[in-house]
Amino acid sequence: MPELPEVEVVRRGLDRWVIGRPIESVEVYNPRAIRRHTAGPLHFAEVLTGRTLLAAHRRGKYLWLPTDGGDALVGHLGMSGQLLVQPPDAPDETHLRVRIRFAADAGDGAEHQNRELRFVDQRTFGGLSVEPLAVPGADRENVPPGIAHIARDPLDPHFDATAFATALRRKRTGVKRALLDQTLISGVGNIYADEALWRARLHYARPTETLTGPQIRGLLGAAEAVMREALEQGGTSFDALYVNVNGESGYFDRSLAAYGQEDRPCPRCGTAIRRDAFMNRSSYWCPKCQPRPRRARW
DNA sequence: CAGCGTACCTGTAAGC
DNA sequence: TGCTTACAGGTACGCT
């Protein structure tokens, strides 16, 4: 569930279900799913077994869960990854890649205490790893090195809008490409980039250096607003590939104005939404509300 | 160094 | 019915 709202939905589920429970065993069914853990599957299982996850943090689309061993379990869902909290007797998913079992708590036999965490990923663009932390502990500002290059996201209380505007104008590229650059601003993917640009009435190929201050502030406000609204509705999902830790889909797809709406009327002006090929994907835009600039870049 | 294209996977749907 | 092609919400890396 790839973009910020979907990942935040998962983070909240992890925070509720897997924190404070000792890990009993770890099984890796596809080593590609932990390819960023360079020490390999055996080591991955070894360092986690017996540890307890202390918290669930997120920056952009990355998750990390500090352990009481001084390191952190890092996760990215890629294009099709899911983190599911399942009862042990639930049948294995077709694309189950990693299983993490927790020790049963003798003092509390509540049903959720023996649920296991499963990383399921059809395309295996996502993955898990264990990374050291500069300072042991559950501090959210203590970001693992593998995530250090990721910029803060618009829902981060320390996000610096002024610095973002400056950096954006220094770029020599199209505004959508910049929005998708996770080292500039994180959490925004193809859906919310198109929705934010539509709300801000900006064409995706608008050169970044020509954006005015108010336009950048408008764009940033739109990105933050659309992701907050999506989060309130449990995220966006068109099919069962994008679900929360309990396997449930969000329903923000009903609120999309531009993304996936080719040939449907723009909710603002009624003009047919268009689709262009963009970076081996698609861009959806309203030709009237978001006119193509004479000098386009992408 | 910055920007851009491509590779990495599996599955589904559309077109012939 | 089969076969082929296009496309899917992301990131990393190599080339220019």
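Order of the sequence lines sets the chain letters (A, B, ...), proteins ahead of strands, with each chain counted from 1. All values derive from a computational prediction rather than experimental measurement.
- A donor-acceptor contact shorter than 3.5 Å is absent between the side chain of A:Arg118 and the backbone of A:Val85.
- The nearest whole Å value for the distance from the CG atom in A:Asp276 to the C1' atom in C:dC7 is 15 Å.
- The distance from atom CZ of A:Arg275 to atom C1' of C:dG9 is 15 Å, rounded to the nearest whole Å.
- Between the P atoms of B:dT6 and C:dA6, the separation comes to 14 Å (whole Å).
- The nearest pair of heavy atoms linking A:Arg169 to A:Thr208 is CG-O, 3.8 Å.
- Within the 4.0 angstrom heavy-atom criterion, only backbone atoms of the sugar-phosphate kind lie near A:Ser282; the bases stay farther away.
- Between B:dG11 and C:dA12, the distance separating the two C1' atoms is 23 Å to the nearest Å.
- For the pair A:Arg97 and A:Phe119, the cation-pi test (distance below 6.0 Å, angle within 45°) is failed.
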Pairs counted only when both distances fall under 3.5 Å, Watson-Crick or G-U: show me the 5' to 3' dot-bracket for DNA chain C, [ ] for pseudoknotted crossings and | for other-strand partners. .|||||||.|||||||
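- In this structure, CD of A:Gln261 is placed 14 Å from P of C:dG9, rounded to the nearest angstrom.
- Of the candidate nucleotides C:dG9, C:dA12, B:dG3, C:dG9 has the atom lying nearest to any side-chain atom of A:Ile191.
- Counting non-hydrogen atoms of other residues, nucleotides and ligands closer than 6.0 Å to CZ of A:Arg32 gives a total above 12.
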Donor-acceptor contacts, no H, no angles, side chain residues 41-56 of chain A, under 3.5 Å, sequence neighbours left out:
| residue | atom | partner | partner atom | Å |
| --- | --- | --- | --- | --- |
| A:His43 | ND1 | A:His37 | NE2 | 2.9 |
| A:Thr49 | OG1 | A:Ala45 | O | 2.6 |

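- One interatomic measurement links the two molecules: CE of A:Met279 to C1' of C:dT11, which rounds to 10 Å at whole-angstrom precision.
- Every residue meeting the side-chain hydrogen bond (donor to acceptor under 3.5 Å, both in side chains) condition with A:Thr67, not counting sequence neighbours, appears here in chain and number order: A:Asp71.
- Contacts of A:Phe252 with the nucleic acid, taken as non-hydrogen atoms under 4.0 Å apart, are absent.
- As a whole-Å value, the separation of A:Asp194 CG from C:dG9 P is 9 Å.
- An OP1 or OP2 oxygen of C:dT11 is reached within less than 4.0 angstrom by a side-chain nitrogen or oxygen of A:Lys61.
- Among the nucleotides C:dG9, B:dG3, B:dG5, the one closest to any side-chain atom of A:Pro2 is C:dG9.
- For A:Arg58, the salt bridge (charged side-chain N to carboxylate O under 4.0 Å, His left out) partners two or more places apart in sequence, or in a different chain, are A:Glu8, A:Asp153.
- Rounding to whole angstrom units, CZ of residue A:Arg35 and P of C:dA12 are separated by 9 Å.
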Base versus backbone protein contacts along nucleotides 7-16 of chain B [heavy-atom cut-off under 4.0 Å; B, S, -]: -BBBS-----
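- If you take CZ of A:Phe278 and P of B:dG5, they are 10 Å apart, rounded to a whole angstrom.
- Taking the ring axis of A:Trp17 as reference, the NZ or CZ atom of A:Arg115 stays within 45° of it and closer than 6.0 Å to the ring centre.
- Sequence neighbours left out, the pairs with a member in residues 181-191 of chain A that pass salt bridge (charged side-chain N to carboxylate O under 4.0 Å, His left out) are A:Lys171-A:Asp181.
- Within the cation-pi definition used here (under 6.0 Å to the ring centroid, within 45° of the axis), A:Arg275 does not qualify as a partner of A:Trp285.
- Distances shown here put a side-chain N or O of A:Arg36 below 4.0 Å from the OP1 or OP2 atom of C:dA12.
- Side-chain N/O atoms of A:His149 include one lying less than 4.0 angstrom from OP1 or OP2 on C:dA12.
- Rounded to a whole Å, the CG atom of A:Leu168 is 15 Å from the C1' atom of B:dA2.
- Distances shorter than 4.0 Å separate none of the side-chain N or O atoms of A:Tyr284 from OP1 or OP2 on C:dG9.
- Distances shorter than 4.0 Å separate some side-chain N or O of A:Arg177 from OP1 or OP2 on B:dC4.
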